[in-house]
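Beneath this line is the structure, given in structure tokens, with notes to follow.
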Amino acid sequence: MPKSFFGLNRQISLVGLISGLALLLLSACGDATPTTAPSSTTQSASAPTTASGPSSATTVSSSQEAVTLEFWTMPNTGQAAKDLQATLADFYKQNPNIKVNVTEVSWGDAFGKIQTALQSGVGPDITQLGTTWVATFGSTGGLRPFSDAEVQAVGGEKAFSPAAWNTTHLAGTKDIVAMPWFVETRALLYRKDVLAKAGLDGATAFKDWDTFAASLKKMKDSEGDLVKAPFAITGKNDNNVTHNLMPWVWAAGGNILNEDNTKAAINSDTALRGVQTYVSFFTSDLTYKPAIEKNVNDLEALFRAGDIGSMISGPWMIVRSKRSKTEDANGYAGTITAQNLGTAMLPAGPNGVHPFVGGSDLAILKSSKHPEAAVKLVQYLASKKGQLDYQKLVGNLPANVEAQSDPLYADPLYKAYLDSLKTGYSYPVVPAWGAIEQDLKKTFSTMWDDVVAGKGNDAIKKRLDEAANQLNLDIANAR
């Protein structure tokens, strides 16, 4: 990770917290999570009356007092509460005195509800946190830190992908206030038949920026009636606008903040080069132009329908390629796209390949009345089995490194995503992050207006300079 992802150990100010509430909340994991469900659904389950299977670190004696844990989760699947309960079967066998009530909270409501719970002391025992939220909520002091022994019980830092582990604590501190649950990153998805018609091999066609641009040109020249365009990207109407641009900034050697997180660096020459490179695919007519007004869900629908030759998205697209419409509203098994699906890492820039790594962590509130039981549940969900069982339903990737080596991910389509986790970056976990992310999104969204209007590179530089000034104010306000 860049050094700039470490530093700043300061209490969040009221201004920082309020500005964090204004985030576009889907940015924690991106828009492209599986189909959402109603905003508030509760599923409860009692443990079996008898325990079975080998004992583990999470085992509780059946003679202990019965405990009911309240768990808030977001719509990670179309039936999030039910699917989470399904993954707890072994946990209930190991801990027959623990019951878990799972309440599904929409992404649009979750930030405000968690904030209120932390302020009032009335809320769940455990909550899911988008990885970009840990900085804001961790700074309030309302999350219960995990002890060294509790962390080591799940394998410690080495048990998780580095980018995921970096989201578990405020930069510059050692208190672990969240545990990695699952991760998602970005890679290229492409149609093998479209590449073949252009005389291209997916193993080499996207290796670096120059090769990528040349390959898109060949695809455009040869695609015929196979697709409408070789590639597509979204613009200001996508809540992932920051996630979409930052991999190109990082690949160019740029960053959001400087090395000690005290000053904005988003307007550096290297950051500018990364943004300009990404934008150039649109201005060079190598993309599907109408997609610039759409979001990633729209773009995925175009790809599934066979309208575009390649796009950038997450590993859920692999799962959906194996599911029918009756199994998943976004399933596309049997389509020409699914039959020709290929994946590749993002093209390398001068500084290598550094995709965005997001996902979700689990946190325990200090107000929890049952912290010991809550720790046991989080430890179970952080384990190899807990993460594998859950991701079979969700379609993202486990944050647990051992789980990533499971035969479940032996499909060659996953290789680009697993490799991306090794080099990917997460955002700096600093008190000002809520405001910073909000202002970055505003900047990049407005920048796309300039790009579509043909204003050129000078306009991009101006937007980045304005963003740097605002980010510096955000940092000052959070002190």
Side-chain angles (χ1 to χ4, degrees), residues 1-10 12 16-17 19-20 22-31 107 111 129-139 160-173 177-178 180-186 238-266 268 271 274-275 314 346 351 354-361 363 399 420-421 423-444 464 467-468 470-472 474-475 478:
M1 298 293 295
K3 292 182 181 178
S4 61
F5 286 359
F6 301 89
L8 278 182
N9 177 16
R10 300 183 175 90
I12 189 167
L17 185 57
S19 62
L23 277 170
L24 287 176
L25 301 174
L26 283 170
S27 63
C29 291
D31 275 344
W107 281 107
F111 192 99
L129 293 181
T131 55
T132 65
W133 295 2
V134 175
T136 299
F137 294 128
S139 298
F160 302 97
S161 292
W165 186 255
N166 285 337
T167 69
T168 63
H169 54 287
L170 286 170
T173 72
V177 295
W181 192 17
F182 61 84
V183 290
E184 55 97 347
T185 188
R186 306 295 197 271
D238 189 1
N239 279 313
N240 293 290
V241 63
T242 305
H243 304 344
N244 297 340
L245 277 160
M246 283 312 303
W248 304 85
V249 171
W250 290 324
N255 213 336
I256 299 170
L257 305 179
N258 65 358
E259 290 189 353
D260 61 2
N261 292 330
T262 59
K263 186 178 180 181
I266 194 62
S268 68
V275 174
L346 299 185
N351 191 45
H354 303 291
F356 166 71
V357 177
S360 285
D361 296 340
S420 293
L421 291 180
T423 64
Y425 290 162
S426 53
Y427 296 136
V429 186
V430 295
W433 182 251
I436 288 173
E437 187 171 23
Q438 178 189 6
D439 289 326
L440 282 176
K441 185 185 185 305
K442 288 179 181 177
T443 293
F444 291 146
L464 295 184
Q470 184 58 52
L471 266 53
N472 286 330
D474 294 336
I475 293 169

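Every value quoted in this text rests on a predicted model; they were computed, and no experiment measured them. No hydrogens, no waters, no symmetry mates; every other heavy atom, side chains included, goes into these values.
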S426 side chain to A163 backbone, donor-acceptor under 3.5 Å: yes
Which heavy atom of G314 sits nearest a heavy atom of R186, and at what distance? N-CD, 4.4 Å
Should the ring pair Y427 and W250 be called parallel, tilted or perpendicular, given that the plane angle runs from 0 to 90° and is split at 30 and 60? tilted
For A265, is there any backbone N or O sitting under 3.5 Å from a side-chain donor or acceptor partner on N258? no
Taking every heavy atom of H169 against every heavy atom of V177, the minimum-distance pair comes out as CA-CG2, 4.5 Å
Could you tell me the separation between the CD1 atom of I436 and the CG atom of L257, rounded to the nearest 0.5 Å? 4.5 Å
Between A432 and I475, which heavy-atom pair has the shortest distance, and what is it? CB-CA, 4.0 Å
How many angstroms lie between CG in N255 and OH in Y425, if you round to the nearest 0.5 Å? 8.0 Å
Residues A252 and N351: closest non-hydrogen pair is C-CB, 3.9 Å
Can you find a heavy atom in the side chain of S420 that is under 4.5 Å from one in the side chain of L346? no
All side-chain contact (heavy atoms from CB on, under 4.5 Å) counterparts of P180, not counting sequence neighbours: F160, A164, W165, T168, D361, A399
Drop me the distance from E437's CD to T136's OG1, to the nearest 0.5 angstrom. 8.5 Å
Find the distance between CG (L471) and CG (L464) and round it off to the nearest 0.5 Å. 10.5 Å
If we ignore hydrogens and angles and just use 3.5 Å, is the side chain of T185 paired with the main-chain N or O of F356 as donor and acceptor? yes
Test item: N166 and V429 side chains (from C-beta on) under 4.5 Å apart, heavy atoms: no
Indicate the atoms forming the closest heavy-atom contact of T262 with D260, along with that distance. OG1-OD1, 2.6 Å
Taking all non-hydrogen atoms of both residues into account, name the closest pair between S268 and G254 and its distance. OG-CA, 4.4 Å
Taking H354 for its side chain and A251 for its backbone only, find out whether a donor-acceptor pair lies under 3.5 Å. no
Classify the ring geometry of F111 against F137: parallel below 30°, tilted from 30° to 60°, perpendicular beyond 60°. tilted
CD (Q470) and CD1 (I266) are apart, to the nearest 0.5 Å, by 14.0 Å
My understanding is that only residues two or more places apart in sequence, or in another chain, count here; which of them pass side-chain contact (heavy atoms from CB on, under 4.5 Å) with V249? M246, A271, V275
